[in-house]
Amino acid sequence: MAAVPMVLSAMGFTAAGITSSSIAAKMMSAAAIANGGGVASGSLVATLQSLGATGLSGLTKFILGSTGSAIAAGIARFY
């Protein structure tokens, strides 16, 4: 969970916007072409940019942490 902001930044989704020549820029270009020139609100690119700009909320961190813990506990039962 702590790695999410770092991964988004490395992909090019930053607080200052999408970094040129990055994976994010390529994703945005493909989404804009597929959408007739604009990136749709609520699309994957728009959501990732929002997360890159604002980070994860406390509730999102709680949900991701709880889900990850439940998955790990379920997997651990088999070992």
Side-chain angles (χ1 to χ4, degrees):
M1 210 172 36
V4 171
M6 290 182 286
V7 171
L8 289 174
S9 181
M11 290 177 66
F13 296 103
T14 69
I18 291 180
T19 306
S20 64
S21 301
S22 65
I23 293 170
K26 289 173 181 53
M27 289 175 66
M28 183 177 179
S29 175
I33 290 168
N35 223 16
V39 176
S41 176
S43 68
L44 177 62
V45 173
T47 302
L48 291 175
Q49 178 53 41
S50 177
L51 289 173
T54 62
L56 298 174
S57 70
L59 178 60
T60 302
K61 289 178 185 177
F62 174 76
I63 291 169
L64 289 175
S66 298
T67 303
S69 296
I71 291 169
I75 292 171
R77 287 189 351 201
F78 294 106
Y79 292 99

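Every side-chain contact (heavy atoms from CB on, under 4.5 Å) that Ile33 has, sequence neighbours left out, goes to Ser29. Evaluation of the side-chain contact (heavy atoms from CB on, under 4.5 Å) rule for Ala30 yields no partner, not counting sequence neighbours. Ala31 meets the side-chain contact (heavy atoms from CB on, under 4.5 Å) test with Val39, Val45; sequence neighbours excluded. Legend: residues meeting side-chain contact (heavy atoms from CB on, under 4.5 Å) with Ser50, ordered by chain and number and at least two apart, are Thr54.
Ser22 approaches Gly12 most closely through the heavy-atom pair OG-CA, 3.7 Å. When all heavy atoms of Ala25 and Ile18 are compared, the pair lying nearest together is N-CG2, 3.5 Å. The nearest pair of heavy atoms linking Ala46 to Ala40 is CB-O, 3.6 Å. Counting all heavy atoms, side chain and backbone alike, Ser21 lies closest to Lys26 at O-NZ, 3.8 Å.
Here CE of Met27 is found 4.5 Å from CG of Leu44. Values are rounded to the nearest 0.5 Å. Considering OG of Ser9 and CG of Leu51, their distance stands at 13.0 Å, rounded to 0.5 Å.
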| Derivation of the side chain to side chain contact (heavy atoms under 4.5 Å, CB included) call for Met28 and Gln49 | CA-CA 10 Å; Met28 183 177 179; Gln49 178 53 41; over 6 Å; no
